[in-house]
2 protein chains.
Amino acid sequence: MLTDEYRYKILKILEANPEISQRDLARELGISLGRVNFCLKALIEVGLLKATNFRNNQNKLGYMYFLTPKGLEEKSVITARFLKAKLQEYANLQTEIEELRKDVNQTMSIKYHQMEIKQP
Amino acid sequence: MLTDEYRYKILKILEANPEISQRDLARELGISLGRVNFCLKALIEVGLLKATNFRNNQNKLGYMYFLTPKGLEEKSVITARFLKAKLQEYANLQTEIEELRKDVNQTMSIKYHQMEIKQP
DNA sequence: AAACTGACGTTCAATTAATGAACGGTTGAT
DNA sequence: ATCAACCGTTCATTAATTGAACGTCAGTTT
């Protein structure tokens with residue numbers, strides 16, 4: 001599956017470093033090689049990325065992945081959308097944490113009360 | 001899979017409302033019926049929950065799920081652990097959002113600069 | 001009383017998502 | 001020529017989840 005998270009992260013990494021290998025990309029993203037391969041293909045498929053054969057200074061061969069004009073354009077859209085989602089997530093987390101704090105305090109207070117009762 | 005998230009949520013909901021059906025629980029948690037069934041069995045398996053046959057005021061039959069003493073005890077541990085994880089998640093999200101903001105601003109600034117250049 | 005309705009928990013075949021070992025190809029060193 | 005080190009690609013396998021289908025029970029309707 002190709003989510004905005006990986007759209008954003010992959011485009012960002014490749015813009016800064018187009019000659020990274022799929023394995024290193026997988027390591028950096030914390031996902032499997034197969035999944036990286038799948039995501040790259042998908043990004044190429046929709047025209048955000050282009051792969052060109054390339055052999056660099058040392059024992060590396062393989063592709064260089066660079067953003068197409070459409071990719072550059074779309075990246076800002078994706079980034080903004082991803083940020084928006086993260087801000088929402090942040091707000092949700094805030095209320096969720098408040099709720100959790102209440103739960104913890106409530107339990108604590110019960111325990112404390114039980115302790116008081118047990119005092120001689 | 002039974003994660004802390006559902007351990008916490010299920011124990012919380014059932015403590016407040018032990019006679020909820022698996023379907024309603026699924027709806028409330030936003031997961032499937034099969035998964036709720038799986039989670040409940042797992043919680044019963046480890047002794048945090050107990051199911052007793054029960055028929056209530058109207059056309060409902062089925063189980064009443066209530067927390068065992070161990071379940072009550074463990075719930076506070078799980079809640080605290082879950083809160084801690086959420087706080088970490090919150091902190092991570094904060095830096096992630098900062099990073100995203102930078103990216104957005106950077107792109108904006110490039111676009112703005114391009115606009116200026118294009119001015120006659 | 002027999003048939004129907006609706007809600008219950010249980011099951012499991014099917015779907016979806018993700019993994020990583022294995023493969024063939026290419027490069028540069030031994 | 002052989003070897004070792006990477007490369008991208010593939011795909012059988014595992015993991016996780018879904019929800020339609022099933023049998024059961026209690027109340028309602030025919």
Side-chain angles (χ1 to χ4, degrees), chain A residues 1-11 13-68 71 82 85, chain B residues 1-11 13-68 71 82 85:
Chain A
M1 239 204 104
L2 176 53
T3 60
D4 265 357
E5 176 176 2
Y6 292 108
R7 280 190 199 95
Y8 159 69
K9 287 183 178 174
I10 289 174
L11 292 179
I13 291 172
L14 290 184
E15 194 180 15
N17 178 17
E19 68 195 65
I20 191 174
S21 75
Q22 293 187 7
R23 274 163 235 272
D24 284 348
L25 194 48
R27 237 178 312 265
E28 195 158 332
L29 293 169
I31 61 179
S32 71
L33 174 61
R35 197 175 170 192
V36 163
N37 187 269
F38 175 84
C39 290
L40 287 178
K41 276 186 178 170
L43 288 171
I44 290 167
E45 178 69 28
V46 296
L48 302 190
L49 223 52
K50 197 170 182 316
T52 67
N53 265 309
F54 171 75
R55 43 227 70 188
N56 76 351
N57 40 18
Q58 39 194 14
N59 60 350
K60 293 246 200 75
L61 86 167
Y63 291 119
M64 186 164 179
Y65 305 94
F66 57 83
L67 278 63
T68 63
F82 187 52
Chain B
M1 239 205 104
L2 177 51
T3 60
D4 264 358
E5 176 175 1
Y6 291 109
R7 279 191 199 94
Y8 160 69
K9 288 183 178 174
I10 290 174
L11 292 179
I13 292 172
L14 290 184
E15 192 178 18
N17 178 18
E19 69 195 65
I20 191 173
S21 76
Q22 293 188 7
R23 275 164 235 272
D24 284 347
L25 194 48
R27 237 178 312 264
E28 194 158 334
L29 293 170
I31 61 179
S32 71
L33 174 61
R35 197 175 171 194
V36 163
N37 187 268
F38 174 84
C39 289
L40 287 178
K41 276 186 179 169
L43 287 171
I44 291 167
E45 178 69 27
V46 296
L48 302 190
L49 224 54
K50 198 169 182 317
T52 68
N53 266 308
F54 170 75
R55 43 227 70 187
N56 75 352
N57 41 17
Q58 39 193 16
N59 59 350
K60 293 245 200 77
L61 85 167
Y63 291 119
M64 188 164 178
Y65 305 94
F66 58 84
L67 279 63
T68 62
F82 187 51

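Residue numbers start from 1 in every chain, and the chains themselves are labelled A, B, ... in the order their sequence lines are given, proteins ahead of strands.
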A.B. asks: With a 4.0 Å cutoff (strictly under), does any side-chain N or O of A:Asn37 reach OP1 or OP2 of D:dT9?
C.D. replies: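 Looking at the OP1 and OP2 atoms of D:dT9, one of them is under 4.0 Å from a side-chain N or O of A:Asn37.
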A.B. asks: Between A:Gln22 and D:dT9, is there a side-chain N or O to OP1/OP2 distance below 4.0 Å?
C.D. replies: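 A:Gln22 to D:dT9 OP1/OP2: side-chain N or O found under 4.0 Å.
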A.B. asks: Rounded to whole angstrom units, what separation is found between the CZ atom of B:Arg35 and the P atom of C:dA13?
C.D. replies: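 From B:Arg35 CZ to C:dA13 P: 21 Å.
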A.B. asks: With nearest nucleotide decided by heavy atoms, which residue, B:Arg23 or B:Gly30, maps closer to the 5′ end of DNA chain D?
C.D. replies: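 Its nucleotide being nearer the 5' end, the pick is B:Gly30.
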A.B. asks: So if I take every side-chain heavy atom of B:Lys41 and compare against C:dA22, C:dT10, C:dA18, which nucleotide ends up nearest?
C.D. replies: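 Given the options C:dA22, C:dT10, C:dA18, the side chain of B:Lys41 is closest to C:dT10.
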A.B. asks: Measure the spacing between CD1 of A:Ile10 and OH of A:Tyr65 and express it to the nearest 0.5 Å.
C.D. replies: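 Going from the CD1 atom of A:Ile10 to the OH atom of A:Tyr65 covers 10.5 Å.
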A.B. asks: Given atom CG of B:Asn53 and atom P of D:dC25, what is their separation to the nearest angstrom?
C.D. replies: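 Nearest whole value for this atom pair: 10 Å.
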A.B. asks: Can you name the nearest heavy-atom pair linking B:Ile44 to B:Ala51, along with the distance?
C.D. replies: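 Nearest heavy atoms, B:Ile44 then B:Ala51: CD1-CB, 3.9 Å.
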A.B. asks: CE of A:Met64 versus P of D:dC7: gap in Å, rounded?
C.D. replies: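 That distance rounds to 15 Å.
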A.B. asks: Over how many whole Å does the gap from B:Phe38 atom CZ to D:dA16 atom P extend?
C.D. replies: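 Going from CZ in B:Phe38 over to P in D:dA16 covers 8 Å.
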A.B. asks: Output yes when a side-chain donor or acceptor of B:Arg23 lies under 3.5 Å from a complementary backbone atom of B:Leu33, and no otherwise.
C.D. replies: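 Flag not set: sc B:Arg23 to bb B:Leu33 has no pair under 3.5 Å.
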A.B. asks: Among C:dA18, D:dA16, C:dG9, which nucleotide has an atom closest to any side-chain atom of B:Met1?
C.D. replies: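 Within the option list, the nearest is D:dA16.
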A.B. asks: Can B:Lys41 be said to sit on top of B:Phe38's aromatic six-ring, NZ or CZ under 6.0 Å from centre and within 45° of the ring axis?
C.D. replies: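 Relative to the ring axis of B:Phe38, which defines the angle, B:Lys41 lies outside at least one limit.
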A.B. asks: Before you tell me yes or no, could you show the steps for A:Glu28 and A:Ile20 under side chain to side chain contact (heavy atoms under 4.5 Å, CB included), namely the whole-Å CA-CA distance, both residues' side-chain angles and the distance that decides it to 0.1 Å?
C.D. replies: CA-CA 10 Å; A:Glu28 195 158 332; A:Ile20 191 174; 3.8 Å; yes
A.B. asks: Could you check whether B:Tyr63 gets within reach of a base, just the sugar-phosphate, or nothing at all, counting any heavy atom under 4.0 Å?
C.D. replies: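 It contacts sugar-phosphate atoms only.
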A.B. asks: Where the side chain of B:Tyr65 is defined as all heavy atoms beyond and including C-beta, which of D:dG8, C:dT10, C:dG9 is the nearest nucleotide?
C.D. replies: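 Shortest atom-to-atom distance from the side chain points to C:dG9.
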A.B. asks: May I have the distance from A:Leu49 (atom CG) to D:dG8 (atom P), rounded to whole angstrom?
C.D. replies: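 From A:Leu49 CG to D:dG8 P: 12 Å.
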A.B. asks: Kindly point out which of C:dA22, C:dA17, D:dT17 is positioned nearest to the side chain of B:Ser32?
C.D. replies: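 Shortest atom-to-atom distance from the side chain points to D:dT17.
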A.B. asks: Between C:dA18 atom P and A:Glu5 atom CD, what is the distance in whole Å?
C.D. replies: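 Atom-to-atom, A:Glu5 to C:dA18, this comes out as 10 Å.
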A.B. asks: Counting only side-chain N and O atoms of A:Ser21, is one of them less than 4.0 Å from OP1 or OP2 of D:dC6?
C.D. replies: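 So the side-chain polar atoms of A:Ser21 never come under 4.0 Å of the phosphate oxygens OP1 or OP2 of D:dC6.
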A.B. asks: Using whole Å, what does the distance between atom P of nucleotide D:dT9 and atom CG of A:Leu25 come to?
C.D. replies: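 Whole-Å distance recorded here is 13 Å.
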A.B. asks: Calculate the interatomic distance between B:Ile44 atom CD1 and C:dG9 atom P; express it in whole Å.
C.D. replies: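 The distance from CD1 of B:Ile44 to P of C:dG9 comes to 11 Å, rounded to the nearest Å.
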